[in-house]
Asker: 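Take this structure, written in C-alpha cells, and hold onto it; I'll ask about it next.
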Amino acid sequence: MVDIEDFDKKFKTIVSTKEFAQAKEMFKKAEYVFYFGHGGNMSIAEHAAIDTSRLTDKNVFAPGGGVIVTSIQGDTNFNDWMMNWLDIRTRGLDKSKCLVIGLSCSTTGASSNCVATALNWAAEKGIPSVLWAAAPKEKGIDDRVVQVIQYAKYYHTSEILSLAMTYEMIHSAGFECPSIAKKAHTRRFETLGIEQETKSGQVVQNKPEETSVSDQHVPPGMESQLNNLAIDFDGVIHTFDKGWHDGTCYGDPKSGSLDAIKKLSKNWNIIVFSAKVRPDRPLVNGKTGLELVTEWLAKHDVLQYVSDITHEKPRAQFYIDDKAIHFDNNWSDIIGRLSS
C-alpha cells in the first residue's frame with residue numbers, strides 16, 4: 001500500500017500552525033487569489049483555483065494552460081516565467097487585495113527557485129504571499145513570504161496535503177465544501193446511485209448493490225482504530241487548578257498520569273484530546289494550542305507514547321475525562337444531577 005505518511009495527523013498539525021493561521025487571515029481578506037506550481041503541483045494549483053472560484057466569492061487564477069506557460073517561457077526564461085505571469089495577471093489590481101500561493105515539493109532546485117522568484121516579486125509589490133512546501137526553503141526566499149511547511153517525504157503526500165489545505169482555507173473563510181451526496185441530489189447523478197429520473201420525469205430511488213460490511217465495531221477499513229484510547233489533557237494528564245488561566249499549559253503532570261500513558265501505550269493507541277487544540281483558538285505567546293500541548297508532552301517525555309493530539313472527539317473504545325458523566329440508560333439521574 002502506498003505510504004501517505006499518517007496523512008490525518010500531518011494535516012491536523014499543519015492547519016494548527018500559526019503560519020497556516022496567518023494564511024487563512026490573508027485568504028479571508030483577499031479578493032483575488034493566485035495559485036501556481038510546477039509538475040504535479042501545476043495541476044493541484046489549477047484544481048485549487050477552479051474549486052476556490054466555484055465555492056467562494058473570490059476571483060481565483062492559476063496558469064494551467066500549456067499555451068500561456070510556454071508562451072511566457074518563450075518570451076522570458078524558466079526562472080522568471082511565473083513572476084511574469086503574475087505581473088500580467090495583477091495589472092491594474094489593488095495589490096493589497098491580492099493573495100499569492102506558491103506550491104512546491106522540492107525546495108532546492110530550479111523549479112523551487114522559480115516559485116520563490118514569483119513569491120519574492122509579489123512580496124516586494126506588497127502582495128501577501130504564502131509558500132506551501134514539503135520542506136522549509138532556507139535560501140532565496142523573502143522573509144515576508146509566509147512558509148507553511150508540510151514536512152512531507154513523498155511528492156504525492158505533499159500534493160494531496162496542498163489540495164486538502166485548499167479546502168480548509170475555503171471552509172475557514174465561511175464557505176461550504178459540499179458533500180458528494182448533496183451534489184448528486186442537486187444534479188441527479190445516476191452513477192452515484194443516489195436517485196435517477198425516468199423518462200416520464202418521475203424520480204425514483206436507486207437500490208444500492210449489496211456490499212460486504214465489517215462485523216467489527218467500526219466501518220470497514222477502520223479496524224486499526226479498535227485500540228484507540230482517548231485521554232483528556234486538562235485535569236487528567238495536566239493539572240488544571242487555575243482553570244483556563246492565561247491559556248498556557250502552566251501545570252504539572254497529574255499524579256500517575258505519565259506512567260499510565262507509558263504503560264497503556266503498549267496495548268492502546270493513545271489519543272490526547274483538548275479544547276486547547278481547537279484551530280479557532282487565538283495564539284498564546286505566538287503559539288497554537290497544538291504546539292503548547294505538544295511541547296508540554298515532549299517536556300515530560302511522553303510525546304513518543306502518544307499517537308495523536310486532537311480537538312475533536314476521536315473514535316475510541318474508551319474515553320478518560322474528568323468532566324464526563326457516565327451514561328447507562330440513566331437520563332433521569334443525569335437530569336437530577338445537573339438540575340440540582
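For reference, positions follow the sequence shown, starting with 1. Because the structure is predicted, anything quoted here is derived from the model rather than measured.
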Asker: Please assess Asn227 against Asn267 for the test side-chain contact (heavy atoms from CB on, under 4.5 Å), listing each intermediate value before the final yes or no.
Answerer: CA-CA 7 Å; Asn227 285 334; Asn267 298 309; over 6 Å; no

Asker: Going by the angle between their ring planes, with limits at 30° and 60°, are Tyr250 and His238 parallel, tilted or perpendicular?
Answerer: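 Tyr250 and His238: perpendicular rings.
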
Asker: Residues in side-chain contact (heavy atoms from CB on, under 4.5 Å) with Ala230, at least two apart?
Answerer: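 Residues passing side-chain contact (heavy atoms from CB on, under 4.5 Å) with Ala230: Phe273, Pro314, Ala316, Tyr319.
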
Asker: Is there a donor-acceptor contact under 3.5 Å linking the side chains of Asn84 and Asp87?
Answerer: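 Asn84 vs Asp87: no donor-acceptor pair found between side chains.
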
Asker: When Val293 is tested against each of Ile237, Val306, Ile309 for side chain to side chain contact (heavy atoms under 4.5 Å, CB included), which residue passes?
Answerer: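 Output: one option passes, namely Ile309.
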
Asker: If a pair satisfies salt bridge (Lys or Arg N to Asp or Glu O under 4.0 Å) and one of its residues is in residues 118-139, list it, with sequence neighbours excluded.
Answerer: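 Residue pairs with at least one partner in residues 118-139: there are none.
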
Asker: Using 30° and 60° as the class limits, which term best fits the ring planes of Phe78 and His38: parallel, tilted or perpendicular?
Answerer: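 Answer is parallel, since the angle falls under 30°.
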
Asker: The test is salt bridge (charged side-chain N to carboxylate O under 4.0 Å, His left out); show your working for Lys323 and Asp321 and say whether it passes.
Answerer: CA-CA 5 Å; Lys323 294 182 180 179; Asp321 189 340; over 6 Å; no

Asker: Checking salt bridge (charged side-chain N to carboxylate O under 4.0 Å, His left out) for the pair Lys276/Asp234: CA distance, chi angles, key distance, verdict?
Answerer: CA-CA 9 Å; Lys276 274 187 170 70; Asp234 286 317; 2.7 Å; yes

Asker: With no hydrogens and no angle check, just 3.5 Å: does a side-chain donor-acceptor pair link Thr248 and Asp246?
Answerer: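 Yes - a donor-acceptor pair under 3.5 Å links their side chains.
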
Asker: Would you please classify the geometry between the His156 ring and the Tyr154 ring as parallel, tilted or perpendicular, with 30° and 60° separating the classes?
Answerer: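 It falls in the parallel class, under 30°.
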
Asker: Looking at CZ of Phe7 and CD1 of Ile14, how far apart are the two atoms once the value is rounded to the nearest 0.5 Å?
Answerer: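 The distance works out to 8.0 Å.
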
Asker: With sequence neighbours left out, what residues match Lys287 under salt bridge (Lys or Arg N to Asp or Glu O under 4.0 Å)?
Answerer: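 With sequence neighbours excluded, Lys287 shows a salt bridge (Lys or Arg N to Asp or Glu O under 4.0 Å) to Glu295, given in chain and number order.
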
Asker: Can a side-chain donor-acceptor contact be found between Thr239 and Asp252 if the only test is distance below 3.5 angstrom?
Answerer: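 Per modelled atom types, Asp252 and Thr239 side chains form no pair under 3.5 Å.
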
Asker: Give, for atom CG of Leu161 and atom CD1 of Ile4, the distance between the pair rounded to the nearest 0.5 Å.
Answerer: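 Answer for the CG-CD1 pair, Leu161 versus Ile4, is 9.0 Å.
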
Asker: Can you spot which of Thr288, Val130, Val148, Ile149 makes a side chain to side chain contact (heavy atoms under 4.5 Å, CB included) with Phe20?
Answerer: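 Per the side chain to side chain contact (heavy atoms under 4.5 Å, CB included) rule, the option paired with Phe20 is Val148, out of Thr288, Val130, Val148, Ile149.
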
Asker: Could you pull out every donor-acceptor pair under 3.5 Å between side chains of residues 42-51 and any protein atom, sequence neighbours left out?
Answerer:
{"from": "Ser43", "atom 1": "OG", "to": "Gly40", "atom 2": "O", "distance (Å)": "2.7"}
{"from": "His47", "atom 1": "NE2", "to": "Asp51", "atom 2": "OD2", "distance (Å)": "3.3"}
{"from": "His47", "atom 1": "NE2", "to": "Tyr167", "atom 2": "OH", "distance (Å)": "3.3"}
{"from": "Asp51", "atom 1": "OD1", "to": "Arg54", "atom 2": "NH1", "distance (Å)": "2.5"}
{"from": "Asp51", "atom 1": "OD2", "to": "Tyr167", "atom 2": "OH", "distance (Å)": "2.4"}

Asker: Show which side-chain atoms of residues 24-37 pair as donor or acceptor with protein atoms under 3.5 Å away, not counting sequence neighbours.
Answerer:
none

Asker: Would you say the side-chain atoms of Asn269 and Asn228 include a donor-acceptor pair closer than 3.5 Å?
Answerer: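 Asn269 vs Asn228: donor-acceptor pair found between side chains.
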
Asker: Lys10: what forms a salt bridge (Lys or Arg N to Asp or Glu O under 4.0 Å) with it, not counting sequence neighbours?
Answerer: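 For Lys10, no residue satisfies salt bridge (Lys or Arg N to Asp or Glu O under 4.0 Å) once neighbours in sequence are set aside.
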
